[in-house]
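Numbering of ligands and ligand atoms starts at 1, following listing order.
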Amino acid sequence: MTTTSNGGPGGPRLSRRRFLVGTGSVLGAAALGGFSAPRAAAAGTRYSTSISNGAHTQALVIGTGYGGSVAALRLAQAGVGVEMIEMGMAWDTPGSDGKIFCDMTSPDYRSYWLRTQTKCPVNHFLGFPIDRSIPKYTGVLDAEDFAGITVYQGRGIGGGSLVNGGMAVTPQRENFGAILPSVNADEMYNVYYPRANAGLGVGLVDPTWFNTTDWYQFARVGRKQADRSGFPFVFVPDVYDWDYMKQEDTGTVPRSALAQEVIYGNNYGKKSLQKTYIRAALATGKVNISPLHKVTSVSLAPNGGYVVLMDQLDTSGNVITSKMVTADKVFFAAGSVGTSKLLVRLRDTGELPNLNGQVGQNWGDNGNIMVGRANQIWDPTGAKQSTIPCGGIDNWVAGGAFAEVAPLPAGLETWASLYLSITNNQHRAQFTWNAGTQQVDLSWQRAWKQHGITMAKSIFDRINHTEGTIYRTDLFGVHKTWNDTLTYHPLGGAVLNKATDNYGRLVGYRGLYVIDGALIPGNTSVNPFVTITALAERNIENIIANDG
Ligand code: FAE
């Protein structure tokens, strides 16, 4: 059985039978904590296997993002055999340009999941649309449309870690009670957040370099303006290898963050999960990963355990073959949307009828709102911009908003400051099964974003007043100020202690678990993946200790 590489339409097609771990190093739990980033692209590491029809596994993990990777590593270290099933590609093979991923300014077939046109988050410039046609392909970024909101998600081995900005933020301790009320905060802050930060390889930009490099002029403008309006500007940790970025600056290594690479993947410096948890999981020898395999069903097996059905896809999204495997335990780690969609359908079509009514509830957008400001002519933000954000404006307590000072790496001077705000928007939507369309719907309403806009304005109205500046109205349409139709941070849908017990065991079934962002009820007050990782570390420890 073979899978297809990301050589692209007409590109190389590789046959892979077993994964090969490039470095051969075996990272245990302790070694993972002392992780240091590889300086090269993921190329050279071959991940993929292709699970056999009829196979049996002790643990099957659906999805290879943060929750799935933590589960796979810790289960494998406990001696459990794990099969990871991933609908996206392996992203371990360069295309004909020698790169695994394309950059933001020239999105190609690798950019979007099964779209024929790009759907850029900043989709206009000077009022002109910038989306373009692309070949339909199993690209790395999914812009999944629901009524009222587009949910951006990573597709491939590594999930969201392939496409995100790497901002690795531990929430303020005082906000934690509102994020996960049933979880012991002392344990999280003493044990699991530190473990997650170590495992992910989180670090901070060198402030001296930040203060002088052209690549962060945009962020220094953001800091200056926050200061002048009386808002705290905070440096935000990231999983990018900051030493590598300095070398990018001096031209001694291939550029990645400094070459407009981020939301369609990053070829070199970012420590995606492929370089951290997944590498360590594969090095145990107990984990296989099958890319381009999409789980479609989970049901009780007659003699115990579960039957899992899946479709193997080609790079156009067609089903090559369908497979049936069995597993003693199944971990749903398909991301907030993927896990919620699967569980709602399985409950409401009668495959897992004992799932409770909380499944599908409490979904939120982490209050995401995007906006641009037009700076004065004497405040250029720079033609050179690193794609990796490293700072934010914190007005959470007073105004309900934390604004990431985001890059706009257009390659030319724009005088624009771009922000992705996380706001304390309390609206929560619900996933429901639509028997007519045979799809899962989401009840999100676009008007709900107005609450987020109001909170974001608590920061930007004041900055505009202080600076004598205005909002940009040309970045998200014509005369459109706010991008109020997207989220990068889907959270909830199978919430901890409601749809599951307090450690992610699904109510109604033994041996079924949720271990991803679906557990978190809609908001983390900051960027979410450190919390998703830390919660997964906490839950899997309890599951391994108690569930045999
Ligand atoms: P996730 O990472 O989404 O992994 C789920 C995996 O399951 C994916 O690989 C899917 O392809 C796969 N999957 C789904 N359905 C199936 C199925 N049926 N069968 C097999 N596989 C399936 O889940 N967060 C931060 O903290 N900091 C940031 O700077 C940041 N920037 C972001 C920028 C962008 C553009 C985006 C899209 C997200 C960003 N995020 C950021 C959010 C972050 O990546 C996200 O919260 C996590 O990736 C969610 O982790 P999960 O483990 O829940």
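- In the vicinity of A333, heavy-atom distances shorter than 4.0 Å reach the ligand 1 atoms 5 (C), 6 (C), 7 (O).
- Geometrically, ligand 1 and G156 share a nitrogen or oxygen pair separated by less than 3.5 Å.
- Within the 4.0 Å heavy-atom criterion, neither part of D142 lies near ligand 1.
- Using cut-offs of 30° and 60° on the angle between ring planes, the pair F529 and Y66 is parallel.
- The N/O atoms of S336, backbone and side chain alike, include none that comes under 3.5 Å of an N/O atom in ligand 1.
- Classified by interplanar angle (parallel below 30°, tilted 30° to 60°, perpendicular above 60°), the ring pair F210/Y216 is tilted.
- The closest protein non-hydrogen atom to atom 49 (C) of ligand 1 is I532 CD1, 3.6 Å.
- Protein heavy atom nearest atom 26 (O) of ligand 1, with residue, atom name and distance: F529 N, 2.7 Å.
- Salt bridge R446/D484: present, at least one basic N to carboxylate O contact under 4.0 Å.
- Annotation for K294: atom NZ does not count as buried by contact number, only 12 or fewer foreign heavy atoms lying within 6.0 Å.
- Interface atoms of ligand 1 facing G335, defined by a heavy-atom separation under 4.0 Å, are 5 (C), 23 (O), 53 (O).
- Counting only heavy atoms of the protein, atom 14 (C) of ligand 1 lies nearest to A334 O, 3.3 Å.
- A perpendicular orientation is assigned to the rings of F233 and F235, their planes being inclined by more than 60° (bins at 30° and 60°).
- Backbone and side-chain nitrogen or oxygen atoms of N164 are examined, and one is located within less than 3.5 angstrom of a nitrogen or oxygen of ligand 1.
- The distance from ligand 1 to the heavy atoms of G159 drops below 4.0 Å at these ligand atoms: 2 (O), 4 (O), 8 (C), 9 (O).
- Every atom of ligand 1 is numbered from 1 in the order shown, and the set under 4.0 Å from a heavy atom of G517 is 53 (O).
- The N/O atoms of I62, backbone and side chain alike, include none that comes under 3.5 Å of an N/O atom in ligand 1.
- Remark: ligand 1 atoms within the under-4.0 Å shell around heavy atoms of R155 are 10 (C), 11 (O), 14 (C).
- Considering both main-chain and side-chain atoms, K294 never comes within under 3.5 Å of ligand 1 through any nitrogen or oxygen pair.
- The residue among A143, G160, G88 with a heavy atom at the shortest distance from atom 1 (P) of ligand 1 is G160.
- With ligand atoms numbered from 1 in the order given, ligand 1 contributes 35 (C) to contacts under 4.0 Å with heavy atoms of I263.
- For atom 29 (O) of ligand 1, the closest heavy atom belonging to the protein is M167 N, 2.9 Å.
- Residue contacts with ligand 1 leave out M310, since none of its heavy atoms falls under 4.0 Å from the ligand.
- Put simply, atom 45 (C) of ligand 1 has no protein non-hydrogen atoms near it, under 4.0 Å away.
- Judged by distance alone, the side chains of Q274 and S272 never bring a donor and an acceptor atom under 3.5 Å apart.
- When each atom of ligand 1 is checked for a heavy atom of I85 under 4.0 Å away, the hits are 20 (C), 21 (N).
- Scanning all protein heavy atoms for the shortest distance to atom 50 (O) of ligand 1 gives Y66 CD1, 3.5 Å.
- In this structure, a donor-acceptor pair under 3.5 Å is present between the side chains of Q426 and N424.
- The pair E537-R74 counts as a salt bridge, with a side-chain nitrogen and a carboxylate oxygen less than 4.0 angstrom apart.
- Here the CD1-CG distance, from I520 to N362, works out to 12.5 Å after rounding to the nearest 0.5 Å.
- When heavy-atom distances to ligand 1 are checked against a 4.0 Å cut-off, P121 has no atom that comes that close, whether in backbone or side chain.
- The closest approach between any non-hydrogen atom of P528 and ligand 1 is below 4.0 Å.
- Two rings, from Y513 and F331, have their centers less than 6.0 Å apart.
- Contacts between V295 and ligand 1, counted as non-hydrogen atom pairs separated by less than 4.0 Å, involve both the backbone and the side chain.
- For Q58 (side chain) and G81 (main-chain N/O), a donor-acceptor pair under 3.5 Å exists by modelled atom type.
- Contact atoms of ligand 1 toward G154: 8 (C), 9 (O), 10 (C), 11 (O) (distance under 4.0 Å to a heavy atom of the residue).
- At least one N or O atom of G165 sits closer than 3.5 Å to an N or O atom of ligand 1.
- Put simply, the residue from V307, L60, I62 that forms a side-chain contact (heavy atoms from CB on, under 4.5 Å) with V298 is I62.
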